[in-house]
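A quick note: this is a predicted structure, and the numbers were derived from the prediction, not measured.
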Amino acid sequence: MSVLSPCPEEIRRRGGEVLGDEDFELVRCASCETQYLHDSETEALYLDPADLTVVWRNVGGLPPPCRGCGRLDWDFQVLPNPGDEAARQGPWSWALSSSSTTRRTRHPPVARSTPPRPPR
């Protein structure tokens, strides 16, 4: 499984839910390779990369028709390498940007309560 770490603020800005225990992964239609964002923790399949209020929740039944090929009975597959060219050029590339490289948060130096010892 290739779990993504998109920025929670970006998910909220686009209308998605962030509860704190999401496991996002990029998936594609097995027939036409149209990409979607899937949260395997909540079983939410986000259908529109610009509007995350357009979501299907897997609570039984078939998903809506694929937005790419229109098939009613379609399956999705997890992209084994979400950093590949198809994903980086795809409509969900904004979700990859924060997870494709390790981001380090720089913190200011900790203020010392006592001055450092002079060198010997």
Side-chain angles (χ1 to χ4, degrees):
M1 177 189 319
S2 300
V3 177
L4 305 177
S5 301
C7 178
E9 290 79 23
E10 185 64 16
I11 295 286
R12 283 188 194 100
R13 187 183 77 73
R14 292 174 184 254
E17 289 183 344
V18 178
L19 304 173
D21 61 347
E22 292 77 17
D23 288 328
F24 291 109
E25 54 195 2
L26 198 56
V27 299
R28 66 181 171 210
C29 172
S31 298
C32 72
E33 299 191 5
T34 296
Q35 297 173 4
Y36 300 91
L37 185 66
H38 181 243
D39 177 3
S40 61
E41 186 68 28
T42 63
E43 291 298 322
L45 183 67
Y46 292 96
L47 305 173
D48 184 343
D51 182 3
L52 298 185
T53 63
V54 182
V55 62
W56 175 75
R57 301 225 182 252
N58 186 6
V59 292
L62 294 174
C66 173
R67 296 185 89 159
C69 63
R71 287 185 58 152
L72 296 175
D73 184 18
W74 63 281
D75 230 348
F76 63 81
Q77 305 166 329
V78 176
L79 268 74
N81 180 9
D84 70 9
E85 188 67 23
R88 284 186 282 128
Q89 299 298 320
W92 297 94
S93 60
W94 61 266
L96 301 174
S97 62
S98 64
S99 63
S100 59
T101 59
T102 303
R103 293 177 19 181
R104 292 182 176 225
T105 304
R106 293 191 162 252
H107 299 284
V110 176
R112 294 179 171 247
S113 57
T114 58
R117 293 184 188 180
R120 291 186 174 185

**Q** Quick one, V54 and R67 - any side-chain contact, counting heavy atoms below 4.5 Å?
**A**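 Yes, close enough: below the 4.5 Å cut-off.
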**Q** In this structure, which one of V55, L37, V27 forms a side-chain contact (heavy atoms from CB on, under 4.5 Å) with L45?
**A**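 Among V55, L37, V27, the one that satisfies the side-chain contact (heavy atoms from CB on, under 4.5 Å) with L45 is V27.
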**Q** Where do G16 and L52 come nearest, in terms of heavy atoms and distance?
**A**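 The answer is N-CB, 3.4 Å.
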**Q** So which heavy atom on I11 is nearest to which on F24, and how close?
**A**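 Reported closest heavy-atom pair: CD1-CZ, 4.2 Å.
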**Q** Is there a side-chain contact between H38 and V78 (heavy atoms, below 4.5 Å)?
**A**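 Heavy-atom side-chain distance check fails, nothing below 4.5 Å.
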**Q** Determine yes or no for a side-chain-to-main-chain donor-acceptor pair under 3.5 angstrom, with D23 supplying the side chain and D39 the backbone.
**A**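 No; judged by distance alone, with no hydrogens or angles, the pair does not exist.
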**Q** Any idea which heavy atoms bring W92 and Y36 closest together, and the distance?
**A**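 Between these two residues, the closest heavy atoms are NE1-CA, 3.4 Å.
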**Q** Decide yes or no for C69 and C29: does some side-chain heavy atom of the first lie under 4.5 Å from some side-chain heavy atom of the second?
**A**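 They are in side-chain contact.
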**Q** Do E17 and R12 come within less than 4.5 Å of each other through their side chains, counting heavy atoms only?
**A**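 When only atoms from C-beta onward are counted, R12 and E17 do not touch, as no gap falls below 4.5 Å.
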**Q** Measuring from F76:CZ to E33:CD, what's the distance to the nearest 0.5 Å?
**A**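 Answer for the CZ-CD pair, F76 versus E33, is 15.0 Å.
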**Q** Are R14 and W94 close enough that some pair of their side-chain heavy atoms sits under 4.5 Å apart?
**A**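 Side-chain contact under 4.5 Å: yes.
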**Q** Which heavy atom in T53 sits nearest to a heavy atom in G15, and how many Å separate them?
**A**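 Scanning both residues completely, I find the closest heavy atoms to be CG2-O, 3.6 Å.
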**Q** Are there over 12 heavy-atom neighbours, none belonging to D51, within less than 6.0 Å of that residue's CG?
**A**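 Yes - once you tally the heavy atoms of other residues, nucleotides and ligands closer than 6.0 Å, there are more than 12.
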**Q** Looking at every heavy atom in both P65 and L72, which two are closest together, and how far apart are they?
**A**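 Between these two residues, the closest heavy atoms are CG-CD2, 3.4 Å.
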**Q** Are any side-chain N or O atoms of Q35 and backbone N or O atoms of A86, one a donor and one an acceptor, separated by less than 3.5 Å?
**A**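 Flag set: sc Q35 to bb A86 pair under 3.5 Å.
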**Q** Looking at E9 and R13, does any basic side-chain N land under 4.0 Å from a carboxylate oxygen?
**A**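 Salt bridge: no.
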